[in-house]
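Report on the following structure.
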Amino acid sequence: QTSRAPAISVSAESCIPAGLRLGPVPGTFKLGKYLSDRKEPGPKKKVFSYAVPPVFQVRMVRGELVDEAGSSALEWIGLIRAARNSQEQTLEAVADLPGGQIFYRALRDVQPGEELTVWYSNPLAQWFDIPVTATPTHDEKGEERYICWYCWRTFKYPNSLKAHVHFHCALSHGRSFLHHDH
């Protein structure tokens, strides 16, 4: 997610097995920089997994996940959207070493037609000083909301708040609320 321009959703054409690693993620890693509370509609791209029987119309190309044109993950991995919360998250961003190359790893079996969405693993979030937790409050309608403790802006999803604190909140001065007890 290095650019605001693509509003493409990447979905599985076939089952993607838990633990499958994609990557490395090319370019500057700024996962969530353009995350918002709303899911923007856009064109869809389907990807194939090599690890399931051929009846699911999959293609194996040197043991890697490929899209419908046979392109490797390096060509479309940056189009995978940031997950707004853990319920919609299918992948997590991981690194072998702090400061090392970043990969996406499937958290569970991803079913055909399901969108691929990603968020930081806890160790990677800590490395980048991204808040690991966000505690919800409830608005006057009883709906969960997440509040920035620096500027008081409200968010519908926890990862939208975490991204805001890390990338956008002018009042946080780059500090996350990771160590605060709110």
TODO: Walk me through it: do C169 and R153 pass the test side-chain contact (heavy atoms from CB on, under 4.5 Å)?
DONE: CA-CA 9 Å; C169 184; R153 185 171 168 193; over 6 Å; no
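- No donor-acceptor distance shorter than 3.5 angstrom exists from the side chain of R84 to the backbone of N159, with no hydrogens or angles considered.
- Using modelled atom types, no side-chain atom of D37 and backbone atom of F155 make a donor-acceptor pair closer than 3.5 Å.
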Open item on the list: Pair E143, H138 - check side-chain contact (heavy atoms from CB on, under 4.5 Å), show working.
Closed with: CA-CA 5 Å; E143 295 179 13; H138 292 84; over 6 Å; no
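- Scored by the salt bridge (Lys or Arg N to Asp or Glu O under 4.0 Å) test, E140 finds no partners at all (sequence neighbours excluded).
- For L107, the side-chain contact (heavy atoms from CB on, under 4.5 Å) partners at least two apart in sequence or on another chain are Q89, E92.
- At least one donor-acceptor pair closer than 3.5 Å links the side chain of H168 to the backbone N or O of K33.
- Between A12 and V110 the shortest heavy-atom distance is CB-CG1, 4.1 Å.
- Taking both residues in full, the closest heavy atoms of P112 and E13 are given as CB-O, 3.7 Å, listed atom of the first, atom of the second, then distance.
- With sequence neighbours left out, P136 forms a side-chain contact (heavy atoms from CB on, under 4.5 Å) with E144, Y146.
- Counting only residues at least two apart or on different chains, the salt bridge (charged side-chain N to carboxylate O under 4.0 Å, His left out) pairs with a member in residues 16-27 are R21-D96.
- Summarising the geometry, atom CG belonging to L79 is positioned 11.0 Å from atom CG belonging to L116; distances are rounded to the nearest 0.5 Å.
- For E114, the salt bridge (Lys or Arg N to Asp or Glu O under 4.0 Å) partners are R108, not counting sequence neighbours.
- Contact between P17 and C15 at its shortest, heavy atoms only, is CD-O, 3.8 Å.
- Within the 4.5 Å cutoff, no side-chain heavy atoms of L171 are placed close to those of W152.
- Proximity of I102 to L124: side-chain heavy atoms (C-beta onward) are separated by under 4.5 Å at one or more points.
- You'll find the side chain of V10 stays beyond 4.5 Å of the side chain of E115, heavy atoms only.
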Open item on the list: One pair to check against side-chain contact (heavy atoms from CB on, under 4.5 Å): V118 and T90. What are the steps and the verdict?
Closed with: CA-CA 6 Å; V118 64; T90 58; over 6 Å; no
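- In the hydrophobic clustering (ILVMFWY side chains linked at under 4.5 Å, chained through shared members), Y157 stands by itself.
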Open item on the list: The test is side-chain contact (heavy atoms from CB on, under 4.5 Å); show your working for L22 and L91 and say whether it passes.
Closed with: CA-CA 9 Å; L22 309 172; L91 309 170; 4.2 Å; yes
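- Here the closest heavy-atom approach between residue I77 and residue P26 is recorded as CG2-CD, 3.4 Å.
- For T137, the side-chain contact (heavy atoms from CB on, under 4.5 Å) partners two or more places apart in sequence, or in a different chain, are R145, I147.
- Nearest approach of Y120 to A125, heavy atoms of both residues: CB-CB, 3.8 Å.
- If you chain together hydrophobic residues whose side chains sit under 4.5 Å apart, V25 and L35 fall into the same group.
- No donor-acceptor distance shorter than 3.5 angstrom exists from the side chain of K162 to the backbone of A134, with no hydrogens or angles considered.
- Scored by the side-chain hydrogen bond (donor to acceptor under 3.5 Å, both in side chains) test, S121 finds no partners at all (sequence neighbours excluded).
- By the 4.5 Å heavy-atom criterion applied to side chains, I16 and D109 are not counted as neighbours.
- One hydrophobic cluster, built from ILVMFWY side chains closer than 4.5 Å, cannot hold both F103 and L20; they sit in different ones.
- Between F29 and F128, the ring center distance clears the sub-6.0 Å criterion.
- Residues meeting the side-chain contact (heavy atoms from CB on, under 4.5 Å) test with Q87, sequence neighbours left out: N85.
- Hydrophobic clustering (ILVMFWY, side-chain heavy atoms < 4.5 Å, transitive): I80 and V94 are in distinct clusters.
- Side-chain atoms of L161 and C148, non-hydrogen and from C-beta on, do get closer than 4.5 Å to each other.
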